[in-house]
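Fair warning: this is a prediction, and the values are worked out from it, not measured in the lab.
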Amino acid sequence: MTSPTPSSPVRFVDVRQGGEAFLAEMREKLSPRGDLVSPRGRELTQAVFGKPLTPVEVVETICRDVQNEGTAALLRYTAALDRAELTPEALRVPAADLAEAHASADPEFLQSIRNIRDNIVEFQSAILHQDVTIEPKPGVRLTQRYVPMRRVGICVPGGAAAYPSTVLMTAVPAQIAGVDEIAIVAPPTPFGAYNADMLATCHELGVTEVYRCGGAQAVAAMAYGCDALPAVDKIVGPGNLFVALAKKHVFGTVDIDSFAGPSEVIVIADETATPAFVAADLLAQAEHSPGSAILITWDEALIESVQQELSKQLEQLDRSDLTRDALADFGALILVRDAQHACELTDSFAPEHLQIETSDPEGQIAQIRNSGAAFLGHHTPVALGDYAAGPSHVLPTGGTCRWAAGLSANSFLRSGSITQFNAQATQAIAGDVIRLAEKEGLTAHANSVSIRSNS
């Protein structure tokens, strides 16, 4: 049951004795259905395509045209959707522009970039897969090896804000994996491929391929390749609905990191939590707009305190109107029976970000299987992971972390096995192989082994 309060920007939900319908509604809202489109997006679709296509139809059309026409279609959709008239030569940001952005950047900003890069390098290097070789029997050598991908593409958003943090959280793990070539695409906007801070970050990291294109057309160009933008092996990075749908569409031609939706957080908190901290943590995700922000607690008094803090802190935010809308659409303050109930409910949501502000965060996380990234304790806001801690902030959303993992250096490795037998070892195992092959009617398989045993 829900009880909205006129003075509160977010719904209060008591699920101690029910609330299944509300919970089902919230799960559906957060699932990757592909229907979150702004009014501007709908107007633009009508203007460009001459009819009200669904987002999936828009993406299918763009991808088909880029696949068939290459650079010409990429430039045409860049002009129509981003209002940027570019030539093939102007698509790639010149090296001189990258160097100039770096030279004119705030030295303290560049030092922060270096500090964060070092944090990412340390963590991603520590978790990087290493080749494993075993010799289980004489004459048998089995290896699982990991080979970096040759070329990857990174989507960096640039519609409403600039994201040098996304460059760090995607390019550095790829570099640690040993990827040879990294291509970054960003929309031709002041927050995208014309943003000096983003370009300076690329230069600082040694990324030399940056392209002035975004949206589904950039994803298609990276997947299928064109004269101006050679094809990649994998596409990663966040974006709007059309970017997400385009990545889903080209999966199979290339690999992708995930099919990501709106950013989300669940905060589990008890009576030891500071209401101002909890409210700030909810607002930090809601300001993505759309962004989901849910508090789960068994302390009824905390809900009232957090409601008051939300109203107070909202007034101080630059994006207060958008954040308020996101709280109304995708936010909730949920009252549960106890800590166990909180963990069960959180597991069913499988949130992108999980923040546990209780007296026993380690005990609670041990009961929760499904979260993209977890942040434990009263002094570990999600923003630490978004910007600086070391793990990547590119994470599965919409409940997909039940089976998907966040981006890491290992995401850029291709795993394969190597098997080596000598003659004696092959003869020792031949009977088992021949027996199963003949049971399956695959006599050529059996013969490929028996011919060696008889030689």
Side-chain angles (χ1 to χ4, degrees), residues 31-38 40-42 44-45 48-49 53-67 73-74 76-78 80-84 91 152-163 165-167 169-171 182-189 191-193 195 198 210-226 229 231-232 234-264 288-291 352 392-398 400 404 406-407 411:
S31 66
R33 302 292 183 228
D35 58 358
L36 284 175
V37 185
S38 67
R40 179 187 175 278
R42 287 191 289 271
L44 191 57
T45 296
V48 172
F49 298 95
L53 300 179
T54 67
V56 171
E57 291 170 331
V58 167
V59 165
E60 289 175 346
T61 300
I62 292 173
C63 288
R64 182 181 62 247
D65 289 350
V66 173
Q67 183 177 20
L74 173 60
R76 185 171 72 250
Y77 282 116
T78 298
L81 298 171
D82 291 320
R83 304 288 192 264
L91 270 171
V152 302
I154 296 172
C155 299
V156 176
Y163 291 98
S165 62
T166 295
V167 177
M169 294 292 179
T170 51
I182 298 172
I184 287 180
V185 298
T189 64
F191 289 133
N195 182 263
M198 195 277 285
V210 183
Y211 295 90
R212 296 168 174 141
C213 55
Q217 62 271 22
V219 172
M222 289 193 291
Y224 304 121
C226 60
L229 206 174
V232 303
K234 180 167 186 163
I235 299 173
V236 305
N240 63 16
L241 172 65
F242 297 97
V243 168
L245 289 173
K247 287 164 65 179
K248 185 178 181 182
H249 182 83
V250 302
F251 177 64
T253 299
V254 295
D255 189 21
I256 63 172
D257 50 357
S258 65
F259 175 54
S263 187
E264 39 185 75
H288 282 289
S289 192
E352 175 190 19
S392 178
H393 71 200
V394 179
L395 300 165
T397 66
T400 59
L407 192 72
S411 305

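- Checking side-chain atoms of Gln217 against main-chain N and O of Ile62 turns up no donor-acceptor pair under 3.5 Å.
- With a 4.5 Å cut-off on side-chain heavy atoms, Met222 and Val254 do not count as touching.
- Looking only at side-chain heavy atoms (C-beta outward), Ile184 and Tyr211 stay at 4.5 Å or farther from each other.
- The minimum heavy-atom distance between Thr170 and Gly237, with the atom names listed, is CG2-CA, 4.4 Å.
- Of all the heavy atoms in Cys63 and Ala246, the pair that sits closest is SG-CB, 4.3 Å.
- Between Phe259 and Thr400 the shortest side-chain heavy-atom distance does not fall below 4.5 Å.
- Thr189 places a side-chain N or O within 3.5 Å of a backbone atom of Gly158 that can act as its donor or acceptor partner.
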- Task: Please test Asp257 against Lys234 for salt bridge (Lys or Arg N to Asp or Glu O under 4.0 Å), starting from the C-alpha separation and ending with a verdict.
- Result: CA-CA 8 Å; Asp257 50 357; Lys234 180 167 186 163; over 6 Å; no
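- Taking both residues in full, the closest heavy atoms of Glu352 and Pro262 are given as OE1-O, 4.3 Å, listed atom of the first, atom of the second, then distance.
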- Pair Leu395-Leu407, side-chain contact (heavy atoms from CB on, under 4.5 Å): steps then yes or no: CA-CA 6 Å; Leu395 300 165; Leu407 192 72; over 6 Å; no
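- Listed here is the closest heavy atom pair of Thr166 and Pro238: CG2-CD, 3.6 Å.
- Of all heavy-atom pairs spanning Gly192 and Ala186, the tightest one is C-CB, 3.9 Å.
- Annotation: side chain of Ile154 is in contact with side chain of Ile182 (closest heavy-atom distance under 4.5 Å).
- You'll find the side chain of Cys226 stays beyond 4.5 Å of the side chain of Val66, heavy atoms only.
- The environment of CZ in Phe49 is crowded: more than 12 heavy-atom neighbours from other residues, nucleotides or ligands sit within 6.0 Å.
- Inter-residue side-chain proximity for Val236 and Val394 is flagged as unmet; no heavy-atom pair is nearer than 4.5 Å.
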- Please assess Leu44 against Arg83 for the test side-chain contact (heavy atoms from CB on, under 4.5 Å), listing each intermediate value before the final yes or no. CA-CA 11 Å; Leu44 191 57; Arg83 304 288 192 264; 3.7 Å; yes
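- Side-chain contact between Tyr77 and Thr61 is present, with at least one heavy-atom pair separated by less than 4.5 Å.
- Contact annotation: the side chain of Arg212 never approaches that of Asp82 to less than 4.5 Å [non-hydrogen atoms, C-beta and beyond].
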- Message: Assess the residue pair Cys213 and Leu74 against the criterion (side-chain contact (heavy atoms from CB on, under 4.5 Å)); give the C-alpha distance rounded to whole Å, side-chain angles, the decisive distance to 0.1 Å, and a yes or no.
- Response: CA-CA 8 Å; Cys213 55; Leu74 173 60; 4.0 Å; yes
- Using the side-chain contact (heavy atoms from CB on, under 4.5 Å) rule, take Val219 and Ile235 through it: C-alpha gap first, then chi angles, then the decisive distance, then the call. CA-CA 8 Å; Val219 172; Ile235 299 173; 4.0 Å; yes
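- Once rounded to the nearest 0.5 Å, the distance linking NZ of Lys247 with CZ of Phe242 reads 15.5 Å.
- In this structure, Ala84 and Pro188 approach most closely via the heavy-atom pair CB-CG, 3.6 Å.
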